[in-house]
Q: 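Below is the structure I would like to discuss, written out as structure tokens.
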Amino acid sequence: MKNAEIALHFDELADLYELDGAVVYRVQAYRNAAKAIREAGVSVAELSAQGRAEELPGVGKTIAEKIAALLETGEIPAAAKLKAKFPPGLVEVTRVPGLGPKRARKLFEELGVDSLDKLREAAETQQIRTVPGFGPKAEENILTALAAGADGRERERLLLSKALEIGEAIVAALREHPAADKVELAGSARRWAETCKDLDVVATATDARALAEAFARLPLIGEASVSGEAGARGVTHQGVAVDLRIVPPENWGNLLQHFTGSARHNEALRTEAVRRGFHVSEYGVTDPEGITHACATEEEVYRLLGMDWIPPELREDRGELEAAREGRLPQLVRLEDLRGDLHCHTTASDGRNTIAEMALAARERGYEYLAITDHSASHGFGNDVQPDELRRHIEAVRATEVEGLTLLAGSEVNILPDGSLDYDDDLLAELDWVVASVHTSFRIGAAEMTKRIVAAMEHPLVDAIGHPTGRLIGRRDPYDVDVEALVEAAARTGTFLEINGNPNRRDLSEVYARLAAEAGARLVIDSDAHGTDTLANVRYGVATARRAWLTAADVANTLQWPELSRARKRGRSSAGRRS
DNA sequence: GCCGTTTTCGGCCCGACTGTTTTCAGTCG
């Protein structure tokens, strides 16, 4: 059973315990455990089999036993018991805005509401108001929520690239307003998370009301409501919720820190602060002497708590607080550390620009090198490049000269189901750079898929594995593959693992990229650009790398090309021949 | 249920908002 699936069982159990009226801390304990399981780089099933599940943060004896039971029998006994007690539709009812576990349970007990349909019916027939603690307003709110399509289902999260497109436009527009002082995107977008639920914008202003009103009038914003001095809420025409909070300059640091989150980071930060006699809120940091410090910068907030400033990408409660206290936060890789891009396409396959256009755009970005890696012989949709075509393509790459840029003739070669590649070794040997990827037969099972990709890594001419798990965020799960085995093989063979910067992919994910680096594998961050305009997608790859705690030393394309070329396995074997 | 340079027991982040209450519980971010 995969980590994600185990985590779902514990999230479900937390929901059930919550309905059952368990103390909130117990419910929270199960949610914490679910997070730890989901974010574990290693297989929790294997960990459990070795009796080591308690090594996960937030997993103690009880939860370790429940993991073992789940793996053995396919269910957690406690969950099965609670499921017999509460109808399956009840959890959905708890997700309706304004209702929670307590209120949903009350409606279940008093009116037999055990589904969204029953809830709607009860509200329409004015039954809700007969329950103590509920009134006409509650009925109205329930009907509004159900009509708005909230329907208890979680609203689809927004891909970061879309969120940033909107968020950056709003921030830029607000910065132009004469009343604006500081304006920043906060929340999950500032942390460069994979997806965002909504957008948070934090600002200081000389005239808060004027800025809030200007926000409400932005062409991007459909509906908006201004709430006095504090800010405004709006919804874009695409339906994205945006919160603007305007704060006094002396509290800028407290509020930016608070609204950047994550919720768990803040919770852990505050828990730790309380233990040491401090008190932290969005209004300031109160020290053990009872003096409240307003912080104009985030650095002050963290400094008062005895920590280094923590880059937003790390604020996920994954060990950053301890590292910040001990002064051992990593020097995270930056976009400007990248010296080249090793995965892009041209019109030879499914790209939109020519070799020369891509090369010029790469130089424009300040790169020292660019690998042209069009698809290979077995690629479908009319985008295949047959061997003869590739030979001509290599010549074309070599004939293209752009001053200051080393242009590399490469290919993104398909890894066939049996692990072989779809060009002959002789032809591969003519290439400067080979990235091998899976583009077909995704559902062959974990053992086969792992064997397939490891076989490609063992090929002496494969430099990197492209988008190693094949996931598409929110649309397609990673294929069934043993990532730990891939990481081990990458470290052993000296094959680089890609962090693909396409915002739909970001593959390897942050969890696996961290695992890979810890296991001694090297990574490359690529754009997988299909046009000059998407070379910039490396920023999402860099974000994933930063969220994986990677430094420049973990990322091979921070090296100059000659160094990088020597650092790869091909370089090692040819160096061996020379000596 | 978890966890420990204040604790192996007694804690567990913080504040705003809402609707329903006569002082606050539940929900939300």
Side-chain angles (χ1 to χ4, degrees), chain A residues 10 13-14 16-37 53-67 76 78 93-107 128-142 144-145 150 154-155 186-188 196-200 202 225 227-228 230-231 233 241-243 245 247 251 254-255 257-286 288 292 301 305-306 317 321-322 325-326:
Chain A
F10 282 93
L13 184 56
L16 289 166
Y17 271 131
E18 197 170 37
L19 270 175
D20 201 35
V23 289
V24 290
Y25 303 113
R26 185 142 75 108
V27 174
Q28 194 52 44
Y30 281 103
R31 299 224 161 102
N32 280 337
K35 173 188 186 272
I37 292 165
E54 285 182 61
E55 289 176 18
L56 295 167
V59 174
K61 193 159 171 285
T62 308
I63 293 182
E65 278 168 10
K66 286 184 159 71
I67 294 174
I76 305 170
V93 177
T94 70
R95 303 256 157 81
V96 173
L99 297 182
K102 296 263 170 28
R103 285 164 69 80
R105 184 169 173 186
K106 202 154 195 188
L107 293 178
I128 303 278
R129 64 182 67 181
T130 65
V131 180
F134 291 80
K137 188 71 189 165
E139 260 166 17
E140 193 189 318
N141 289 345
I142 286 167
T144 309
E154 199 166 321
R155 203 207 208 132
S188 47
C196 303
K197 187 154 105 349
D198 52 21
L199 290 168
D200 292 292
V202 187
S225 58
S227 52
R233 301 191 64 125
V242 187
D243 261 351
R245 328 243 181 182
V247 309
N251 277 119
N254 303 109
L255 276 133
Q257 195 283 323
H258 175 76
F259 288 116
T260 296
S262 66
R264 286 181 184 280
H265 171 85
N266 286 350
E267 194 180 326
L269 179 88
R270 290 167 179 189
T271 302
E272 189 174 293
V274 165
R275 210 175 285 145
R276 297 170 47 231
F278 287 81
H279 174 95
V280 181
S281 82
E282 55 266 54
Y283 300 108
V285 176
T286 307
T292 299
V301 176
L305 298 169
D317 190 23
L321 295 171
E322 198 184 353
R325 199 164 1 91
E326 296 169 1

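Chain letters run A, B, ... following the sequence lines, proteins first, then strands; residues in each count from 1.
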Q: In whole Å, what is the span from the CD atom of A/E65 to the P atom of B/dC2?
A: 9 Å

Q: Roughly how many Å is it from CD1 in A/I37 to C1' in B/dC2, rounded to a whole number?
A: 14 Å

Q: For the pair made of CG in A/N254 and P in B/dG15, what is the distance, rounded to whole Å?
A: 12 Å

Q: Need one value for A/R275: base, sugar-phosphate or nothing, where a base atom within 4.0 Å counts as base even if backbone is also close, heavy atoms only.
A: base

Q: Looking at every heavy atom in both A/A33 and A/V59, which two are closest together, and how far apart are they?
A: CB-CG2, 4.1 Å

Q: Side-chain contact test, heavy atoms from C-beta onward, threshold under 4.5 Å: evaluate it for A/R103 versus A/V93 and give yes or no.
A: no

Q: Between B/dG1, B/dC13, B/dG15, spot the one nearest the side chain of A/E267, thanks.
A: B/dC13

Q: Using the C1' atoms only, state how far B/dG26 lies from B/dT20, rounded to an integer number of Å.
A: 11 Å

Q: Once you round it to whole Å, what is the distance between P of B/dT6 and CD of A/E272?
A: 11 Å

Q: Which whole-number value in Å describes the distance from A/R264 CZ to B/dC2 C1'?
A: 13 Å

Q: Ignoring hydrogens, what is the shortest heavy-atom contact between A/T260 and A/A186? Give both atom names and the distance.
A: OG1-CB, 3.8 Å

Q: Using whole Å, what does the distance between atom P of nucleotide B/dC12 and atom CG of A/N266 come to?
A: 18 Å

Q: Expressed in angstrom and rounded to an integer, what is the separation of A/E54 atom CD from B/dG4 atom P?
A: 13 Å

Q: Check A/A145 against A/V96 and note the closest heavy-atom contact, atom names and distance.
A: CB-CG1, 4.0 Å

Q: Whether A/N141 contacts B/dG19 is assessed here as follows: a side-chain N or O lying under 4.0 Å from the phosphate OP1 or OP2. Is that the case?
A: yes

Q: Of A/R276 and A/V59, whose closest DNA chain B nucleotide lies nearer the 5' terminus?
A: A/V59

Q: Pick one for B/dT21: is it syn, with its angle within 90° of 0, or anti?
A: anti

Q: Measure across A/A104 and A/T94 and return the closest heavy-atom pair with its distance rounded to 0.1 Å.
A: CB-CG2, 3.6 Å

Q: In whole angstrom, give me the gap between the P atoms of B/dA16 and B/dG11.
A: 25 Å

Q: Using atom OH of A/Y30 as one end and atom C1' of B/dC12 as the other, report the distance to the nearest whole Å.
A: 16 Å

Q: What one-letter contact string describes nucleotides 20-29 of chain B from 5' to 3', where B marks a base within less than 4.0 Å of any protein heavy atom, S marks contact via sugar-phosphate atoms alone, and - marks no contact?
A: SS----SSS-

Q: Using a 4.0 Å heavy-atom cut-off, does A/V24 contact any base of the nucleic acid, only the sugar-phosphate backbone, or nothing at all?
A: nothing

Q: I want to check one thing: is the phosphate of B/dC13, taken as OP1 and OP2, less than 4.0 Å away from some side-chain N or O of A/T271?
A: yes

Q: Using only heavy-atom distances, determine whether the side chains of A/Q257 and A/N266 contain a donor-acceptor pair under 3.5 Å.
A: yes

Q: Could A/R31 and A/E18 be called an ion pair, given the rule that one side-chain N must be under 4.0 Å from one carboxylate O?
A: yes

